[in-house]
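Below is one structure, written out as structure tokens; the observations come after it.
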Amino acid sequence: MKIPTPIFIGLRYTRAKRRNQFISFVSGFSLAGMTLGAVALIVVMSVMNGFDREIKQRLLQIIPHVELYSGSGLSDWQALVERAELHPQIAAAAPYVDRDAMVSFEQGMQGVQLRGLLPQDIPRLSTLQEHMLLGQLDALQAGEYNIIIGRLLARYLGVATGDKISVTLPQLTVTPAGVFPRIKRFTVAGVFEVGGQLDQSFALIHLGDAQKLFRLGDKVDGVQLETTDRYLSKQIGYGLWQSLPGAQQQAVAVRDWSETQGSLFAAIKMEKTVVSTLLMIVIAVAAFNIISSLVLMVADKRSDIAVLRTLGLTRVQVTAIFIVQGVAIGLVGILVGALVGAAIAVNVGYIVAFFETLTGLRIFDPQVYFISHMPSRLLWSDVVTVMTVGLSLSFLSTLYPAYRASTVEPAEALRYE
């Protein structure tokens, strides 16, 4: 098959040995920059995807997938639970009370999300039982005012099972002696560890104790739902809400985990965007090097360009020659970088583990980062994005040098040859 002349000559220039070694160095540096930028970008994006997945999996082991809640309290919650459990995509439903409170012990004090649930419902709604370090969920008995807290909170307060901590409510009690905050003593009945912020900011009590504590009577704050697909929770929750009778629909609102934890995942997404944008600068620098190498190439090949013009090549064909040369450099660099980056991203956990074994250093201390390995999740959409951006920058960087080549006048270039 006959190859078009601009492509043939452009690829030949790319492979040819040059008289000026500096031009070869700049071209090689451009290719290496493209490769390094693509590798760094793909690996970093994959690691951040891995952290995002790890956080979601840990959070969704504890937090509700969907909540049907009422700001004024929900009295007819039994009918709502029965209706929710008939839905084919809802695995479990249970009433809950959820309020903010302050827990303290001796000199330590920490704000927490205090959630009241029935102990028999907790295994159906979460995997918390599998993450208990001390005690059991059955210790949550109505009227005994027991509490289960996370490992980080227990360490911060310096408590263990059997210790009594004070729970301060954001409510006031008026007495003849004055106005005082409402405080209730709870006994630590268990400690859990799921890894993450929940170990420091989440506590469980019995539903009946929560109703008495917040003076709700028989009401609850809402109904917590466990869906069969956590990533479709929003659609499932709103679908159930729309199917409710008019009175029930008006009594409750719906929210899913992406709303209750929205700020956290928005911060992760923003961090990924910022880091990716900064690493794109590496590819942009390599693209600028392509401009430099092509400008030098045009100056070095002025006589060749003049000869080609006298043989009948048009300005457009001369422009295409140098566009092909620049894009070829970028394409090779991006392809090599994508292959190497994908290979590292898939095996980054093993690479980090090998480095830790070799040096004796611990990169990820589970006491600090809640994980013992480097998480990674390679998304081919990220690879395609990196390659598209790299090739686009490579193409744009060729336009000015290629235009300069097309303006070379054969008579001027060959005058002193």
Side-chain angles (χ1 to χ4, degrees), residues 57-70 73-101 112-150 167 186-194 198-199 201-214 216-230 233 236-237 240-241 244 248 251-257 259-261:
Q57 287 179 345
R58 290 176 184 271
L59 282 177
L60 293 176
Q61 290 175 346
I62 304 299
I63 65 173
H65 292 179
V66 180
E67 293 177 355
L68 297 174
Y69 67 97
S70 173
L74 191 63
S75 55
D76 189 22
W77 54 267
Q78 294 90 344
L80 189 58
V81 169
E82 293 175 1
R83 189 176 186 89
E85 291 188 333
L86 293 175
H87 195 285
Q89 292 178 291
I90 293 177
Y96 74 89
V97 172
D98 188 87
R99 302 292 174 92
D100 293 328
V112 297
Q113 176 189 358
L114 194 63
R115 179 166 285 252
L117 289 168
L118 294 172
Q120 62 268 28
D121 289 332
I122 298 175
R124 300 190 304 121
L125 297 170
S126 70
T127 60
L128 186 63
Q129 181 63 55
E130 303 172 10
H131 300 279
M132 294 295 296
L133 299 179
L134 299 171
Q136 297 293 327
L137 295 175
D138 294 339
L140 296 179
Q141 297 296 326
E144 295 187 6
Y145 292 97
N146 291 332
I147 188 171
I148 294 176
I149 61 177
V167 176
F186 277 78
T187 302
V188 178
V191 177
F192 66 85
E193 180 184 23
V194 295
L198 289 177
D199 288 350
S201 61
F202 187 78
L204 272 175
I205 61 176
H206 192 280
L207 179 66
D209 294 343
Q211 290 173 319
K212 292 178 182 178
L213 190 64
F214 294 104
L216 294 176
D218 293 331
K219 292 184 178 181
V220 297
D221 285 338
V223 173
Q224 175 177 334
L225 307 178
E226 177 81 3
T227 62
T228 55
D229 189 337
R230 65 188 68 173
S233 296
I236 296 172
L240 173 64
W241 179 77
L244 295 176
Q248 279 188 332
V252 298
V254 61
R255 64 190 174 197
D256 70 308
W257 61 266
E259 297 177 48
T260 58
Q261 303 294 323

When rounded to the nearest 0.5 angstrom, what is the spacing between NE2 in His206 and CG in Leu213? 13.5 Å

Looking only at heavy atoms, the pair that brings Pro95 and Leu207 closest together is CG-CD2, 3.8 Å

Atom CD of Gln120 and atom CG of Leu125: how far apart are they, to the nearest 0.5 Å? 10.5 Å

On a heavy-atom basis, which atom in Ala84 and which in Leu240 lie closest, and how many Å separate them? CB-CD2, 3.8 Å

Quick one: does Val66's side chain get under 4.5 Å of Ile236's, heavy atoms only? no

What closest approach, in Å, do Tyr96 and Gln224 show between heavy atoms, and which atom pair accounts for it? CD2-N, 3.5 Å

Hey, could you give me each pair passing salt bridge (charged side-chain N to carboxylate O under 4.0 Å, His left out) that has a residue in residues 216-227? Not counting sequence neighbours. Arg99-Asp221

Is the closest side-chain donor-acceptor distance between Gln113 and Asp98 under 3.5 Å? yes

Could you check if a side-chain atom of Leu140 sits within less than 4.5 angstrom of a side-chain atom of Ile122, using non-hydrogen atoms only? yes

Just verifying a value: how many Å separate His131 NE2 and Ile62 CD1, rounded to the nearest 0.5 Å? 6.0 Å

Check: Asp199 side chain, Val194 main-chain N or O, donor-acceptor pair, under 3.5 Å: yes

Which heavy-atom pair separates Val81 from Ala93 by the least distance, and what is that distance? CG1-O, 3.7 Å

dist Leu137:CG -> Leu204:CG (nearest 0.5 Å) comes out at 7.5 Å

So does Ala189 get a backbone contact from the side chain of Thr187, meaning a donor-acceptor N/O pair under 3.5 Å? no

For Ser233, does its backbone N or O pair with a side-chain atom of Trp257 as donor and acceptor, under 3.5 Å? no

Do you know the tightest heavy-atom contact between Gly116 and Ala210? CA-CB, 4.0 Å

Could you grab the distance from atom CD1 of Ile63 to atom CG of Leu198, nearest 0.5 Å is fine? 7.0 Å

Could you tell me whether the side chain of Ile205 reaches within less than 4.5 Å of the side chain of Val167, counting heavy atoms only? no

Walk me through it: do Asp209 and Ile147 pass the test side-chain contact (heavy atoms from CB on, under 4.5 Å)? CA-CA 10 Å; Asp209 294 343; Ile147 188 171; over 6 Å; no

Working to the nearest 0.5 angstrom, can you tell me the gap between Phe202 CZ and Ile149 CD1? 12.5 Å

Is any side-chain heavy atom of Gln211 closer than 4.5 Å to one of Val220? yes

Per the side-chain hydrogen bond (donor to acceptor under 3.5 Å, both in side chains) rule, what does the pair list look like for residues 73-87, sequence neighbours excluded? Glu85-Arg124

side-chain hydrogen bond (donor to acceptor under 3.5 Å, both in side chains) for Gln136 and Asp138? Distances and angles first, verdict last. CA-CA 5 Å; Gln136 297 293 327; Asp138 294 339; over 6 Å; no

With sequence neighbours left out, what residues match Tyr145 under ring-ring contact (aromatic ring centres under 6.0 Å, His included)? Phe186

Min side-chain heavy-atom separation Leu74-Leu68 under 4.5 Å: no

